Amino acid sequence: KSLVLLCSLQLFDAVNCLAKENARLLVLGRKHMLINSSNWKRDIVKEMQNKADFFFAENISEDDAFLLYATLRSGKHCKFVTRDFFRDHKACLSDSLTRHLFRKWQRGHQIAFSPSVEGKHINFLPAFCYDCVVQTTGDTWHIPYKDTFEEKYSYQVPRKWLCIQQK
């Protein structure tokens, strides 16, 4: 299968999975998705349109700005799903505090996904509802950690916590 066809099938699976949760969905795509082709089947796009709202940008547009605007405009509880890590956008931010705030916002709103190993369903990792930094209350510390070393992206943070209490 071509990479684009694989992406269209993953989008179809993601929309179906999220629609089952009765989530209000907005899919941002490009106008070429509306043309029946070997990569985008008209009937599949129509079926997705029955489950989600769609916005189709021009084929040459930078769609990141649409995604960020739609997420911010939709309110503080809005989440987004994308494979984009916004590296270019973070690099353009003027100072380290702004980059830190953007990464924190991204971790709290971006839902990561990956197809299952057998390719039969999609696994979603929910956005965090807490900040993944060392937290302390009195004589207790909670420290996020990973027990294996692997490269990570800015939205991926450790999901294990070490609890230390001073006695």
Side-chain angles (χ1 to χ4, degrees), residues 1-93 98-132 144 150-160:
K1 294 178 183 176
S2 74
L3 181 59
V4 176
L5 180 58
L6 183 60
C7 291
S8 68
L9 294 174
Q10 286 177 351
L11 175 61
F12 181 73
D13 290 342
V15 167
N16 284 332
C17 183
L18 294 170
K20 287 178 187 171
E21 298 176 13
N22 293 321
R24 182 163 183 219
L25 304 174
L26 171 63
V27 177
L28 299 176
R30 294 208 171 101
K31 289 184 178 179
H32 67 83
M33 294 168 61
L34 294 169
I35 300 169
N36 198 35
S37 67
S38 59
N39 297 327
W40 293 99
K41 302 294 182 198
R42 182 172 283 133
D43 56 332
I44 292 175
V45 173
K46 290 272 187 216
E47 189 174 334
M48 286 190 291
Q49 286 178 302
N50 291 331
K51 298 175 182 179
D53 293 315
F54 272 72
F55 176 80
F56 295 101
E58 295 298 326
N59 292 329
I60 60 171
S61 70
E62 293 290 331
D63 55 357
D64 295 350
F66 292 108
L67 175 82
L68 293 171
Y69 176 77
T71 304
L72 289 167
R73 184 71 175 99
S74 295
K76 63 182 178 181
H77 299 294
C78 182
K79 308 291 187 234
F80 65 94
V81 180
T82 181
R83 287 186 302 228
D84 195 314
F85 307 122
F86 301 109
R87 288 184 201 101
D88 293 343
H89 300 285
K90 284 182 265 203
C92 292
L93 296 173
T98 307
R99 284 188 294 275
H100 170 75
L101 290 173
F102 182 84
R103 280 192 303 271
K104 184 176 176 178
W105 175 84
Q106 182 181 11
R107 283 192 303 263
H109 291 83
Q110 185 168 2
I111 297 173
F113 76 98
S114 62
S116 64
V117 176
E118 65 277 357
K120 295 188 175 161
H121 64 277
I122 291 181
N123 298 314
F124 289 98
L125 292 174
F128 285 102
C129 57
Y130 52 84
D131 198 5
C132 192
E150 58 197 30
E151 267 194 66
K152 67 179 185 67
Y153 298 104
S154 61
Y155 71 88
Q156 295 172 313
V157 293
R159 295 197 175 258
K160 294 181 180 178

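Computed from heavy atoms alone, side chains included, the values below leave out hydrogens, waters and symmetry copies. Please read these numbers as outputs of a predicted model, since none were measured by experiment.
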Are any of the side-chain heavy atoms of H32 and N39 separated by less than 4.5 Å? no
Mind listing the side-chain donor-acceptor pairs of residues 15-28 below 3.5 Å, one per line with the distance, residues two or more places apart or on another chain?
unit_1, atom_1, unit_2, atom_2, d
N16, OD1, K51, NZ, 2.4
N16, ND2, F12, O, 3.3

Distance from D64 atom CG to T82 atom OG1, nearest 0.5 Å? 7.0 Å
Identify the two heavy atoms, one from L34 and one from Q49, that lie closest to each other, and give their separation to 0.1 Å. CD2-NE2, 4.4 Å
If you round to the nearest 0.5 Å, how far is CZ of R30 from CG of N59? 7.5 Å
What heavy-atom pair brings K41 and N36 nearest, and what distance separates the two atoms? CA-OD1, 3.4 Å
If you compare all heavy atoms of F54 against all heavy atoms of M33, which two are closest, and at what distance to 0.1 Å? CE2-CE, 4.3 Å
Is any side-chain heavy atom of F55 closer than 4.5 Å to one of D63? no
Hey, could you give me the CH2/OG1 distance between W105 and T98, rounded to the nearest 0.5 Å? 14.5 Å
How far apart are the closest heavy atoms of L11 and M48, and which atoms are they? CG-SD, 3.8 Å
Heavy-atom side-chain proximity of F86 to L67 below 4.5 angstrom: yes
Under 3.5 Å, is there a donor-acceptor pair between the side chain of Q110 and the main chain of F85? no
Could you measure the distance from the CG atom of L68 to the NE2 atom of H109? Nearest 0.5 Å is fine. 11.5 Å
Counting only heavy atoms not in N50, do more than 12 fall under 6.0 Å of its CG? yes
Kindly compute the distance separating CZ (F66) from CZ (R73), expressed to the nearest 0.5 Å. 15.5 Å
